[in-house]
Amino acid sequence: MKNENRRCPKPLIGILCWEEGVSPRGLVQLESLKGNSTNPDTFAFPVKYVRVKGANIHTILEKPCRNTLQRMIKAARAMEKEGICAITTSCGFNAVFQRELADSVTIPLFTSSLMQIPLVQAMLGSDQKIGVLTAKKSALTDRHFINAGVTNLQTLHIQGLETCPEWNKIFTSPHDDIDMEIVENEIISTACTMMQSGDIGAFVLECTDLPPFAHKIRQKTGKPVFDFVTLAQYVYSSVTDTRPMG
């Protein structure tokens, strides 16, 4: 991750991130893209990154760890004391910890783009579904959705990218590079295939590595796309009088 903390007088949004040096090689490549949660150039406003010891693909995505949660709570409380106005995380699977993390501070804390689903459901007609594109469907449980405030799972069409060979190298070959062009094609193709159901009214991208591809998903499907960045911008607008530009 470049520019670990963008220099600025006072960041208003804090981001809890995975421990330094533990991410699969493919995720490190994805972090270089503008639009990724751990790339400060993604945001039109300053953010503060805090690395959480023990937070990684195993303790967050595959087997949520209570010890790691306690370290995240400690880091969140420290950011609040520093004057941060809202806190988020760098992985959508932290939705599983949403309630505990939100209860630990007195400022807004939002863990996952999945929290936008109830809003999107209210926007769409009752005959439309939301296409949820996730890094790994087998790891995304009802508990993640419920803790994110989603009460109606029947309107969700969930698809995981672990079915895509190049993307799945993140899980099966963590020390190998991924071909970014192939991964992009896999993501766009998956979204287009989801459209064949004929009833998707919008997409919500669970994974914080997917926003760099949101524009092309919108172009190819013609549907609104909600992701980590749309949520972060929304919350930022609620805690400042200055609207992000650019």
Side-chain angles (χ1 to χ4, degrees), residues 26-27 30-31 33-39 42-43 61 88-96 98 110-142 144-164 166-168 170 180-237:
L27 291 186
L30 289 166
E31 286 181 358
L33 301 178
K34 184 177 180 179
N36 191 285
S37 64
T38 51
N39 186 336
T42 293
F43 308 98
L61 192 151
T88 187
T89 76
S90 67
C91 177
F93 277 86
N94 281 308
V96 75
Q98 173 62 37
F110 55 107
T111 54
S112 177
S113 61
L114 298 177
M115 296 174 71
Q116 296 169 105
I117 289 176
L119 175 61
V120 180
Q121 287 175 326
M123 293 180 185
L124 299 179
S126 57
D127 60 341
Q128 292 182 298
K129 290 191 174 182
I130 297 173
V132 178
L133 198 55
T134 178
K136 192 172 185 178
K137 182 179 178 179
S138 61
L140 191 60
T141 67
D142 288 357
H144 289 89
F145 289 104
I146 292 169
N147 286 4
V150 183
T151 58
N152 182 6
L153 278 63
Q154 300 304 310
T155 65
L156 307 182
H157 179 166
I158 305 168
Q159 181 61 52
L161 290 170
E162 73 268 32
T163 60
C164 301
E166 195 67 20
W167 175 276
N168 201 43
I170 292 171
M180 298 290 276
E181 183 176 354
I182 294 176
V183 164
E184 179 175 334
N185 290 335
E186 288 178 337
I187 293 168
I188 305 306
S189 177
T190 299
C192 290
T193 298
M194 293 170 71
M195 285 294 297
Q196 293 176 8
S197 67
D199 55 3
I200 290 180
F203 285 88
V204 172
L205 311 182
E206 168 278 317
C207 182
T208 58
D209 296 303
L210 295 181
F213 310 101
H215 177 64
K216 286 195 174 180
I217 294 175
R218 291 187 188 99
Q219 283 186 322
K220 294 294 185 180
T221 66
K223 299 298 181 180
V225 179
F226 300 82
D227 57 25
F228 170 82
V229 177
T230 62
L231 179 56
Q233 290 173 335
Y234 178 74
V235 175
Y236 176 78
S237 295

(message) side-chain contact (heavy atoms from CB on, under 4.5 Å), that's the test. Do V204 and S113 meet it? Break it down for me.
(response) CA-CA 7 Å; V204 172; S113 61; 4.3 Å; yes
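- When side chains are defined from C-beta on, F145 counts as touching I158, because their heavy atoms get closer than 4.5 Å.
- There is a side-chain donor-acceptor pair under 3.5 Å between T155 and Q121.
- Summarising the local packing, CD of Q219 is surrounded by more than 12 heavy atoms from other residues, nucleotides or ligands at distances under 6.0 Å.
- Contact check for L210 versus F203: no side-chain heavy atoms found under the 4.5 Å cut-off.
- To the nearest 0.5 Å, atom OG1 of residue T134 and atom CG of residue L161 are 7.5 Å apart.
- The two residues V229 and G35 come nearest to each other via the heavy atoms CG2-O, 3.5 Å.
- I117 has its side chain within reach of I130: a pair of non-hydrogen atoms, C-beta onward, lies under 4.5 Å apart.
- The distance from atom CG of L231 to atom OG of S112, rounded to the nearest 0.5 Å, is 8.0 Å.
- Across S37 and F43, no two heavy atoms sit closer than the pair O-CE1, 3.7 Å.
- We find the OG1-CD1 distance between T193 and I188 to be 11.0 Å, quoted to the nearest 0.5 Å.
- When every heavy atom of M115 is checked against every heavy atom of P118, the shortest pair comes out as O-CD, 3.4 Å.
- Taking CD of E186 as the reference point, atom CG of N168 lies at 9.0 Å (rounded to 0.5 Å).
- At least one donor-acceptor pair closer than 3.5 Å links the side chain of Q116 to the backbone N or O of D227.
- At a threshold of 4.5 Å between non-hydrogen side-chain atoms, the residues H157 and S197 count as touching.
- Each of D209, T208, T38 was checked for a side chain to side chain contact (heavy atoms under 4.5 Å, CB included) with L27, and the lone residue meeting it is D209.
- Separation of atoms CG (N185) and CH2 (W167) is listed at 14.0 Å; rounding is to 0.5 Å.
- Looking only at side-chain heavy atoms (C-beta outward), H144 and E206 stay at 4.5 Å or farther from each other.
- How far CZ of F110 is from CG of N94: 12.0 Å, rounded to the nearest 0.5 Å.
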(request) Could you go through the side-chain contact (heavy atoms from CB on, under 4.5 Å) check for L133 and I217 one step at a time? (result) CA-CA 11 Å; L133 198 55; I217 294 175; 4.3 Å; yes
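- You'll find the side chain of L30 reaches within 4.5 Å of the side chain of I170, heavy atoms only.
- Here the closest non-hydrogen pair linking L61 and K136 is CD2-CD, 3.8 Å.
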(request) Run the numbers on L205 and F213 for side-chain contact (heavy atoms from CB on, under 4.5 Å), then give the verdict. (result) CA-CA 10 Å; L205 311 182; F213 310 101; over 6 Å; no
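- Minimum interatomic distance between A95 and N147 (heavy atoms only, all atoms of both residues): O-CB, 3.2 Å.
- The shortest heavy-atom contact between T42 and K34 is OG1-C, 3.8 Å.
- Two residues are said to be in side-chain contact when any heavy atoms from C-beta on lie closer than 4.5 Å; M180 and L33 meet this criterion.
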